[in-house]
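The structure appears below as structure tokens.
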Amino acid sequence: MFQKILIANRGEIALRVLRAAKELGIQTVAVHSTADAEAMHVRLADESVCIGPPASRDSYLNIHQIVAACEVTGADAIHPGYGFLSENAKFAEILAAHNITFIGPSAEHIRVMGDKIEAKRTAKRLGIPVVPGSEGAVRDDRTAKKIAAEIGYPVLIKASAGGGGRGMKVARTEANLSEALSTARSEAGSAFGDDAVYIEKYLEKPRHIEVQVVGDGMGKAVHLGERDCSLQRRHQKVWEEANSPALNIEQRTRIGETVSKAMADLGYSGAGTIEFLYEDGEFYFIEMNTRLQVEHPVTEAITGIDLVHEQIRVASGGGLSVRQEDISFNGHAIECRINAEDPRTFVPSPGTISHFHTPGGLGVRVDSGVYSGYRIPPYYDSLIGKLIVHGRNRVECMMRLRRALDEFVVDGIKSTLPLFQELVGNVDVANGDYDIHWLENYLADHH
Ligand code: MV4
């Protein structure tokens, strides 16, 4: 097991990783920018190192500063959290060259899944159902027309280097195809320096359902069920839940086993998420995330498994602490991402939180790095914290969420708490009756 872990992140996720390390008796090193000297994870860590000025590229993305902090403090492993360097294959490679363990998958698996065409090809080879479309990159209009005619319109042009919704263009008829293709290609070229694009059948009203896996890197992998992340705005998830209101236990087991077998065959190491679109009872792979995700606590709530603990175990060569037959899905969990934003316009609202009071009681978890008097710096994402509520079933979970939201106080800045107060009382949300477009349509009508 590791003696000392450096946490190459900030905010609530740095605190989340710190808690897991502490419970395992592992020493912690926080790194921080000059803007984060007062952050909670810096206060709670055994040691801390300032790695640069506020801008992320000079601090949390500064590989050389982070490696130097690791060498100065004698840390033997780095947990990257999410965002920043968490899916940077080069970073994973550099750490390997310095004999520092990257708590995450191999650089090769990060690289494969970072290229969306390569990821899709790999998923298909491993028996994961994918969206009908081109086999690989589409180079010319003639090929594009042929494929689109085969799969049927509407089609979606996606950038291989994209992901998270960047660089997509819909073509509803053959008349739009050529322009969609050239726009997508030039946008991809200037945004990512890679103009490779591919074509998929455009699914009109899917849900976003993702499956959590953990692999031991030695041919074993388990799945921890799914999360439904359909409630999102501009590709930012707002509300996530486990289980998905759309699936039953047979469907859960079936897609989970498909994915865990695929990851076992791949020799995948660490936590990973396989993202699907789900429509008319079918799953269609879109992307894989090779990191711990923001919404991992809903999975922890219904399985009782500490995902960061598992990440640390497998990275240190200790294997998984659980077998598939030990994992069950108990009750229901919902996460609300509380952001420092205007609840109507979503304009960021950094500044000092004059008063912060979090809800408590049975089935309530708050993951947040803020406190009364804390000043949210303007340089990073606007997440104040995550409220995660667990109940024996979805109805109980919703009642508990309503109660927890009532207790939550964030004063001094604007927050998205009022949005959740609205959503928890909405009939479609109460019924779990939503797709990936529901929230944006709701906001267009009600805000
Ligand atoms: C799609 C799609 C419909 N059909 N692919 C957006 C983010 C990126 N991860 C994939 N995305 C989509 N891919 C096909 N073939 C619709 C979306 C999409 C979406 C997906 C998940 C969650 C929210 C979304 C919002 C708009 C579009």
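Note that this is a predicted model, so its numbers are computed, not measured. Every number for a ligand or one of its atoms is a count from 1 in the order of the listing.
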Identify, by atom number and element, the atoms of ligand 1 in contact range of [X], meaning under 4.0 Å from any of its heavy atoms.
X    : answer
K201 : 4 (N), 14 (C), 15 (N)
H208 : 21 (C), 22 (C)
V131 : 15 (N)

Could you check which of D435, N289, L203 puts a non-hydrogen atom nearest to atom 3 (C) of ligand 1?
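That would be L203.
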
Who's closest to atom 9 (N) of ligand 1 heavy-atom-wise, of R233, M168, E287, K205?
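Answer by nearest heavy atom: E287.
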
Does the [X] side chain pair with the main chain of [Y], one donor and one acceptor, at a distance under 3.5 Å?
X    : Y    : answer
N9   : I13  : no
E118 : D115 : no
S415 : A340 : no

Evaluate H235 for polar contact with ligand 1, using N/O atom pairs at a separation under 3.5 Å.
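There is no such contact.
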
Y202 N/O under 3.5 Å from ligand 1 N/O
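Looking only at distances, the answer is no, because the N/O contact criterion of under 3.5 Å is not met.
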
Any idea which heavy atoms bring I274 and F276 closest together, and the distance?
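What the structure gives for the nearest pair is O-CD1, 3.6 Å.
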
Q232 contact mode with ligand 1 (heavy-atom cut-off under 4.0 Å):
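Side chain only; the backbone of Q232 stays clear of ligand 1.
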
Indicate the ring-plane relationship of Y60 and Y380, choosing parallel, tilted or perpendicular according to the 30° and 60° boundaries.
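Perpendicular.
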
Establish, yes or no, whether a centroid distance under 6.0 Å links the rings of F91 and F84.
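They do not qualify: ring centres at least 6.0 Å apart.
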
Criterion side-chain contact (heavy atoms from CB on, under 4.5 Å) against E200, the qualifying member of I157, I286, V155, I147:
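One option only clears the test, and that one is I286.
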
So, does K158 sit close enough to ligand 1 that a heavy atom of it is under 4.0 Å from the ligand?
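In this structure, K158 qualifies as a contact of ligand 1 - some heavy atom is under 4.0 Å.
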
